[in-house]
Engineer: 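Dropping the structure in here first, questions after.
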Number of protein chains: 2
Amino acid sequence: MDQGQALASFGALSQETRLQIVRMLVVAGPAGMAAGTIAEKLEVSPSNISFHLKELDRAGLISQQREARSIIYSANYHALGELVRFLMEDCCAGHPEICAPAAAVAACCAPSAKG
Amino acid sequence: MDQGQALASFGALSQETRLQIVRMLVVAGPAGMAAGTIAEKLEVSPSNISFHLKELDRAGLISQQREARSIIYSANYHALGELVRFLMEDCCAGHPEICAPAAAVAACCAPSAKG
DNA sequence: TCCATAATTCAACAATCCTTGAAATATTGA
DNA sequence: TCAATATTTCAAGGATTGTTGAATTATGGA
């Protein structure tokens, strides 16, 4: 991920509705969620949620696929992982002080950890 | 770090000049850099750099201290670390797929790693 | 084909953000 | 105090972003 990509990602995540969409889709997993369901849960109008979904898609943080009448959105795990990596390595130059809390989280969730 | 704090941080990092300032200050370390020096290196006008430094300060990502005629800015490592943690744990729900690349970076720079 | 459902697109407007240059503030030294 | 340096503040304008509701597109079933 280059700096331009990171800028777009940060911009996409800097809006409350969009950050909530991403958090929701991450929890939803690969099954994803229909646009209408997202709008309902977040209590946002269909046209507004559509606008924000398009922004997230443009930034590459989510992807979509039609399923019957619905359009299912899901989080792009790879892009989110790359963003974390950019923030730690490229932006924060791998400084231990910055990476320490991240390392703690990584230790809990990494497949090679004790779990 | 709560969601509001994260939103402010993402907003602050979503602008090219500001992202460059942060990257520069992280590399500069605790010694920091004077506003004028930052402006010079990034080829941005003094008033413009001042605007962006204020935005980063408001988001808590950098801090300042006067030294003679200069005002020295430095990266807030703790805030950056918390942002990485938020992105991995709160936003990305600790998903291994997302954390994997981060774990790799963490392994290289963490003080408790093999180094 | 016709209707209902699901979502997007569009235009208009409001709100926010960025840039610019001039003026103001703070510090230092003569 | 005066001048020079370093930076910030301010106001104006332009650019971008977010919101709204109406119109449009796409799908599936009677």
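Below, all heavy atoms of this structure are taken into account, side chains as well, without hydrogens, waters or symmetry copies. Worth saying up front: this structure is predicted, and the values here are computed from it rather than measured. Residue numbers begin at 1 in each chain, while the letters A, B, ... track the order of the sequences.
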Engineer: Over how many whole Å does the gap from B/Leu7 atom CG to C/dT16 atom C1' extend?
Structural biologist: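 These atoms are roughly 15 Å apart.
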Engineer: Would you find a donor on one side and an acceptor on the other, under 3.5 Å apart, between the side chain of A/Ser50 and the backbone of A/Pro46?
Structural biologist: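 Flag not set: sc A/Ser50 to bb A/Pro46 has no pair under 3.5 Å.
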Engineer: Sequence neighbours excluded, which residues qualify as side-chain contact (heavy atoms from CB on, under 4.5 Å) partners of A/Leu19?
Structural biologist: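 Counting only residues at least two positions away or on another chain, A/Leu19 forms a side-chain contact (heavy atoms from CB on, under 4.5 Å) with A/Leu13, A/Arg23, B/Gln3, B/Leu7, B/Phe10, B/Phe86, B/Cys91.
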Engineer: Among D/dT5, C/dA4, D/dT7, which nucleotide sits nearest the side chain of B/Pro46?
Structural biologist: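 Nearest to the side-chain atoms of B/Pro46, counting from C-beta on, is D/dT7.
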Engineer: Between D/dA4, C/dT8, D/dT8, which one does the side chain of B/Ile71 approach most closely?
Structural biologist: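 Minimum distance to the B/Ile71 side chain belongs to D/dT8.
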Engineer: Rounded to whole Å, please give me the gap between CG in A/Leu19 and P in D/dG18.
Structural biologist: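 Distance check: A/Leu19 CG to D/dG18 P gives 13 Å.
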Engineer: Using heavy-atom distances to pick each residue's nearest nucleotide on DNA chain D, tell me which of A/Arg18 and A/Arg69 is more 5'.
Structural biologist: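 Result of the comparison: A/Arg18.
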Engineer: Select one nucleotide: of C/dT8, D/dA6, C/dA6, the one nearest the side-chain heavy atoms of A/Ala35.
Structural biologist: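 Selected nucleotide: C/dT8.
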Engineer: Output the rounded distance in Å from CD (A/Glu16) to P (C/dT16).
Structural biologist: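 So the CD-P distance, A/Glu16 to C/dT16, works out to 14 Å.
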Engineer: Taking side chain as C-beta onward, heavy atoms only, is A/Lys41 less than 4.5 Å from A/Met33?
Structural biologist: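 Answer yes - side chains close enough.
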Engineer: For residues 47-68 of chain A, which residues have at least one heavy atom under 4.0 Å from DNA chain C?
Structural biologist: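 By residue number: A/Ser47, A/Ser50, A/Lys54.
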Engineer: Please tell me which of the listed nucleotides, D/dT8, C/dT8, D/dA4, lies nearest to the side chain of B/Tyr73?
Structural biologist: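 So the nucleotide nearest the side chain must be D/dT8.
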Engineer: Check this one for me: any side-chain N or O of A/Ser45 less than 4.0 Å away from OP1 or OP2 of D/dG21?
Structural biologist: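 A/Ser45 to D/dG21 OP1/OP2: no side-chain N or O under 4.0 Å.
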Engineer: Nearest whole Å is fine: how far is D/dG18 C1' from A/Ile21 CD1?
Structural biologist: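 Atom-to-atom, A/Ile21 to D/dG18, this comes out as 13 Å.
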Engineer: For A/Arg85 and A/Leu87, indicate whether the former's side chain and the latter's backbone hold a donor-acceptor pair under 3.5 Å.
Structural biologist: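 Not confirmed, A/Arg85 side chain does not pair with A/Leu87 backbone.
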Engineer: Do the side chain of A/Arg18 and the main chain of A/Gly11 share a donor and acceptor less than 3.5 angstrom apart?
Structural biologist: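 Checked: pair present.
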Engineer: In whole Å, I'd like the distance from the CG atom of B/Leu42 to the P atom of C/dT19.
Structural biologist: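 So the CG-P distance, B/Leu42 to C/dT19, works out to 12 Å.
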Engineer: To the nearest 0.5 angstrom, please state how far the NZ atom of B/Lys54 sits from the CD1 atom of B/Ile62.
Structural biologist: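 Rounded to the nearest 0.5 Å, the NZ-CD1 separation comes to 12.0 Å.
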Engineer: Remember a base hit wins even if backbone is also touched, and classify B/Ala39 as base, sugar-phosphate or nothing at under 4.0 Å, heavy atoms.
Structural biologist: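 Here B/Ala39 touches no strand at all.
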Engineer: Is any side-chain heavy atom of A/His95 closer than 4.5 Å to one of B/Leu80?
Structural biologist: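 No, side chains not in contact.
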